[in-house]
J.: 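What follows is a single structure, and I will ask about it in a moment.
We name chains A, B, ... by the order of the sequence lines, and we start the count at 1 in each one.
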Number of protein chains: 2
Amino acid sequence: MSFSIGQVSEMTGLTTHTLRFYEKQGLFLEPIPRDSAGRRRYSDTQIDWIRIGGKLRTAGMPLPEIRRYAEASRDRSTAAETQLKLLQDHEKRVRSQLADVQHLLDLITDKITHHESR
Amino acid sequence: MSFSIGQVSEMTGLTTHTLRFYEKQGLFLEPIPRDSAGRRRYSDTQIDWIRIGGKLRTAGMPLPEIRRYAEASRDRSTAAETQLKLLQDHEKRVRSQLADVQHLLDLITDKITHHESR
DNA sequence: GTTTGACTTGGAGTCGACTCTAACTCCTAC
DNA sequence: GTAGGAGTTAGAGTCGACTCCAAGTCAAAC
């Protein structure tokens, strides 16, 4: 079973523009095959990957890192470990952003408490 | 006590370029006063705000929202509540990014566990 | 057999957030 | 008094991540 770019767009929430753009950026690694008329045909496994890539994006991972993530799957024996490391690094970044926000939240709630008890 | 743009740059880690850029973007709200030669002089309270703005940035908040945060401080009676809301909204976003990463981390660690137990 | 609609490409345009340049003005130190 | 260094401005350039455009191809429906 294979899907057109329009179908994949519907399935993943990425626009067709973005799908072509990601392909140009080398984010897929397995090249997307074309039918006799030159149109892209996506397989299930490619769609699975696109969904993961999309999650990585919404999670704030920059494209070059997502590319590294994709490239890691080349080497079957080290893929998961490399990807784990990329994810952990990114998790650290997001966690520190969260810590920043929470620090500011503390300051603000303190301010409000003081204001109320005045 | 007031400080030059170069000193503020040192103190906050933002470049002088960025400080001028943020000012153009209306991120300060209290306008930065100039000395007799037209140079910016930052007060302590302005520096305090710049530090907060910087934190908001590294926490991933976009500039328009930081502007709203700054503008909120106009109205002394509602400032803290408005800012609290902005922070909470942003916290939600960052949390959901973190959840995405953690979901992927789960998938990967599962994959590794399976691989090891094969 | 032509219209319609989904696709193709290369390349241009947009937007957010900086980052840099050019030409200029001050102040301080020698 | 002039050289150096830190400022000033308006505006241009960069980079990441899309987003759109023009010109064209193809298959299916009428």
J.: Could you pull out the closest heavy-atom pair between V101(B) and A59(A), with the gap in Å?
T.: CG2-CB, 3.7 Å
J.: Going by the rule side chain to side chain donor-acceptor pair (under 3.5 Å), which residues pair with K111(B) if we only count those two or more places apart in sequence or in a different chain?
T.: none
J.: Considering only distance and modelled atom types, tabulate donor-acceptor pairs under 3.5 Å from the side chains of residues 24-31 of chain A, sequence neighbours left out.
T.:
none

J.: Tell me, which pairs form a ring pair (Phe, Tyr, Trp, His ring centres under 6.0 Å) where one or both residues lie in residues 86-111 of chain B, sequence neighbours left out?
T.: none
J.: Q83(A): what forms a side chain to side chain contact (heavy atoms under 4.5 Å, CB included) with it, not counting sequence neighbours?
T.: Y69(A), A72(A), S73(A), I108(B)
J.: Mind listing the N/O atom pairs, protein and nucleotides 16-23 of chain C, below 3.5 Å?
T.:
residue, atom, partner, partner atom, Å
dA17(C), OP1, L63(B), N, 3.2
dA17(C), OP2, L63(B), N, 3.4
dC18(C), OP2, Y22(B), OH, 2.6
dC18(C), OP2, R57(B), NE, 2.8

J.: Which residues pass the side chain to side chain contact (heavy atoms under 4.5 Å, CB included) test with D75(A), sequence neighbours left out?
T.: S77(A), T78(A)
J.: I'd like to check the side chain to side chain contact (heavy atoms under 4.5 Å, CB included) partners of S96(A); sequence neighbours left out, ordered by chain and number.
T.: none
J.: Test: salt bridge (charged side-chain N to carboxylate O under 4.0 Å, His left out). Region: residues 56-65 of chain A. Which pairs qualify, not counting sequence neighbours?
T.: E65(A)-R93(A)
J.: Starting from Watson-Crick (N1-N3 plus N6-O4 or O6-N4) and G-U wobble pairs under 3.5 Å, report the runs of at least three that DNA chain C belongs to.
T.: C:1-30 with D:1-30
J.: Keeping to residues at least two apart or across chains, list the salt bridge (charged side-chain N to carboxylate O under 4.0 Å, His left out) pairs with something in residues 32-44 of chain A.
T.: E23(A)-R34(A), E23(A)-R40(A), D35(A)-R39(A)
J.: Please tabulate the protein-to-nucleotide N/O contacts below 3.5 Å involving nucleotides 2-8 of chain C, giving atom names and distances.
T.:
residue, atom, partner, partner atom, Å
dC7(C), OP1, S4(A), OG, 2.7
dC7(C), OP1, G6(A), N, 3.1
dT8(C), OP1, R40(A), N, 2.7
dT8(C), OP1, R40(A), NH1, 2.8
dT8(C), OP2, R20(A), NE, 2.9
dT8(C), OP2, R20(A), NH2, 2.9
dT8(C), OP2, R40(A), NH1, 3.2
dT8(C), O5', R40(A), NH1, 3.4

J.: Going by the rule side chain to side chain contact (heavy atoms under 4.5 Å, CB included), which residues pair with E81(B) if we only count those two or more places apart in sequence or in a different chain?
T.: I112(A)
